Amino acid sequence: MSDAASRLQEVKTRILEAERDAGRPAGSVTLVAVSKTFDIEHIEPVIAAGQRVFGENRVQEAQSKWPALKERHEDIELHLIGPLQSNKAKDAVALFDVIHTIDRDKIARAIKAEMEAQGRTPTLFIQVNTGGEPQKAGVLPEDADAFVKCCRDELGLAIEGLMCIPPADENPGLHFALLRKIAERNGLAGLSMGMSGDFDTAVAFGATHVRVGSAIFGTRDYPA
Ligand SMILES: *Cc1c(COP(=O)(O)O)cnc(C)c1O
């Protein structure tokens, strides 16, 4: 078994334990294996180990790897977890099955237009900047309700849930709790939260999707 394949098993075991500890059914959390910065040779062993759900944070990087991988493995589900520019909406809708990072009107409209043009319906999450960090993407918590409403009512987009990336130096649980509260009051079932350092905590707070990179693939050689 490759290192990545054995680390994948460890992560899956930890998710099962966290589900059990939280009194949640086994399998209620989807593991998104974040393969950004890793090339096809590193990804193939993880696919061979049974993983089918992957995440990338850049459209262009994903385009260089995933069309070939998707051709070889038909049941791959690819998630976009990085910030989205409207000039990439076309490529994003063409390649990704799930988009976690809808965060402003212009992007929502661009994605909507591409979904209509291409006849594709990726699952959509809204990113919330729970820490209000200026350098981070995401709608501010106080604007989230209005933005969800706009996406649903004005644009007719089906929104599956919310996504957040807590500030690196804060207790992630506070941010996971906030995201969950915003989701609940908007009737949203999906919660994309938790990364290598905190996915067990995220499962305890109700995550439906955890996005785990380095705990599976190892340390990234260069920043994503
Ligand atoms: C890179 C990335 C992850 C995975 O981070 P790790 O700490 O390597 O698990 C999760 N979510 C987003 C948005 C990312 O960009």
Side-chain angles (χ1 to χ4, degrees), residues 11-12 14-34 36 51-57 77-84 96-104 107-108 111 121-133 136-152 157-168 170-216:
V11 167
K12 286 166 71 170
R14 278 173 58 191
I15 291 172
L16 271 172
E17 286 168 358
E19 286 169 337
R20 192 196 56 213
D21 291 349
R24 302 179 57 192
S28 48
V29 178
T30 298
L31 169 61
V32 181
V34 177
K36 66 187 185 192
Q51 180 66 21
R52 288 296 178 273
V53 182
F54 289 87
E56 290 281 344
N57 70 332
E77 186 179 287
L78 193 60
H79 293 231
L80 177 62
I81 61 168
L84 189 51
F96 289 93
D97 304 294
V98 184
I99 297 175
H100 291 233
T101 50
I102 306 292
D103 69 346
R104 55 195 189 277
I107 288 296
I111 293 292
T121 51
T123 298
L124 303 178
F125 284 73
I126 289 173
Q127 182 174 356
V128 181
N129 187 356
T130 55
E133 296 172 282
K136 224 166 241 174
V139 62
L140 291 172
E142 59 266 34
D143 299 331
D145 295 358
F147 185 59
V148 171
K149 196 169 179 335
C150 168
C151 287
R152 279 175 169 162
L157 289 171
I159 301 295
E160 172 79 17
L162 304 178
M163 174 271 212
C164 77
I165 311 170
E170 287 183 26
N171 175 354
L174 298 173
H175 295 270
F176 299 154
L178 173 60
L179 196 71
R180 178 175 174 164
K181 198 171 117 193
I182 299 170
E184 278 174 355
R185 71 175 180 237
N186 285 284
L188 294 168
L191 286 172
S192 166
M193 56 191 199
M195 305 171 31
S196 291
D198 55 20
F199 66 86
D200 322 73
T201 308
V203 172
F205 278 91
T208 59
H209 293 70
V210 293
R211 312 176 308 266
V212 179
S214 46
I216 296 170

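Here the structure is a predicted model, which means the values were calculated and not measured. The first residue in the sequence is number 1, and the count goes up from there.
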Whether the side chain of Thr208 engages the backbone of Leu191 through a donor-acceptor N/O pair (distance < 3.5 Å, no angle test) should be reported.
yes
Spell out, as yes or no, whether a donor-acceptor pair under 3.5 Å connects the side chain of Ser192 to the backbone of Met163.
no
Has the side chain of Lys136 got a donor or acceptor atom that lies under 3.5 Å from a matching backbone atom of Ile165?
yes
Atom of Phe176, atom of Cys164 and distance for their closest heavy-atom approach:
CD2-SG, 4.1 Å
For Ala108 and Cys151, work out which heavy atoms get closest and say how close.
CB-SG, 4.0 Å
Mind checking what makes side chain to side chain donor-acceptor pair (under 3.5 Å) contact with Arg185, not counting sequence neighbours?
Asp145
Pairing residues for Gln127 by the side chain to side chain donor-acceptor pair (under 3.5 Å) criterion, not counting sequence neighbours:
none
Scan Val98, Ile99, Ile159, Leu162 and name whichever one has a side chain to side chain contact (heavy atoms under 4.5 Å, CB included) with Phe125.
Val98
How long is the span from the NZ atom in Lys181 to the CG atom in Leu179, to the nearest 0.5 Å?
12.0 Å
Mind checking whether Ile102 and Phe147 have side chains closer than 4.5 Å, heavy atoms only?
yes
Give me the atom names and distance for the closest heavy-atom approach of Ala144 to Ile182.
CB-CG2, 3.8 Å
What's the verdict on side chain to side chain contact (heavy atoms under 4.5 Å, CB included) for His175 and Thr201, showing C-alpha distance, side-chain angles and the deciding distance?
CA-CA 11 Å; His175 295 270; Thr201 308; over 6 Å; no
Tell me, please, which residues at least two apart from His79 pass side chain to side chain donor-acceptor pair (under 3.5 Å).
Glu77, His100
Search all heavy atoms of Val212 against all heavy atoms of Ser196 and return the closest pair with its distance.
CG1-OG, 3.6 Å
Heavy-atom side-chain proximity of Val34 to Asn57 below 4.5 angstrom
no
Residues that Arg52 engages under salt bridge (Lys or Arg N to Asp or Glu O under 4.0 Å), provided they are two or more places apart
Asp75
Between Asp97 and Leu78 (side chain of the first, backbone of the second, donor and acceptor by atom type, cut-off under 3.5 Å), is there such a pair?
yes
For residues 189-215, pull every pair meeting salt bridge (charged side-chain N to carboxylate O under 4.0 Å, His left out), keeping only residues two or more places apart or in separate chains.
Arg14-Asp200
Nearest-0.5 Å distance, CG of residue Asp103 to CG of residue Leu140
10.0 Å
Would you please name every residue forming a side chain to side chain donor-acceptor pair (under 3.5 Å) with Asn129, sequence neighbours left out?
none
Compare every heavy atom of Val210 with every heavy atom of Ala207, then report the nearest pair and how far apart it is.
CB-CG1, 4.0 Å
Considering only heavy atoms from C-beta outward, does the side chain of Phe199 approach that of Val11 to under 4.5 Å?
yes
Using modelled atom types and a 3.5 Å cut-off, is there a donor and acceptor pairing between side-chain atoms of Glu56 and backbone atoms of Phe96?
no
Quick one: OG1 on Thr130 to CZ on Arg180, what's the gap to the nearest 0.5 Å?
15.5 Å
Exam field: side chain Glu184 to backbone Asn186, donor-acceptor pair closer than 3.5 Å
no
Answer whether the closest heavy-atom distance between the side chains of Ile111 and Leu84 falls below 4.5 Å.
yes
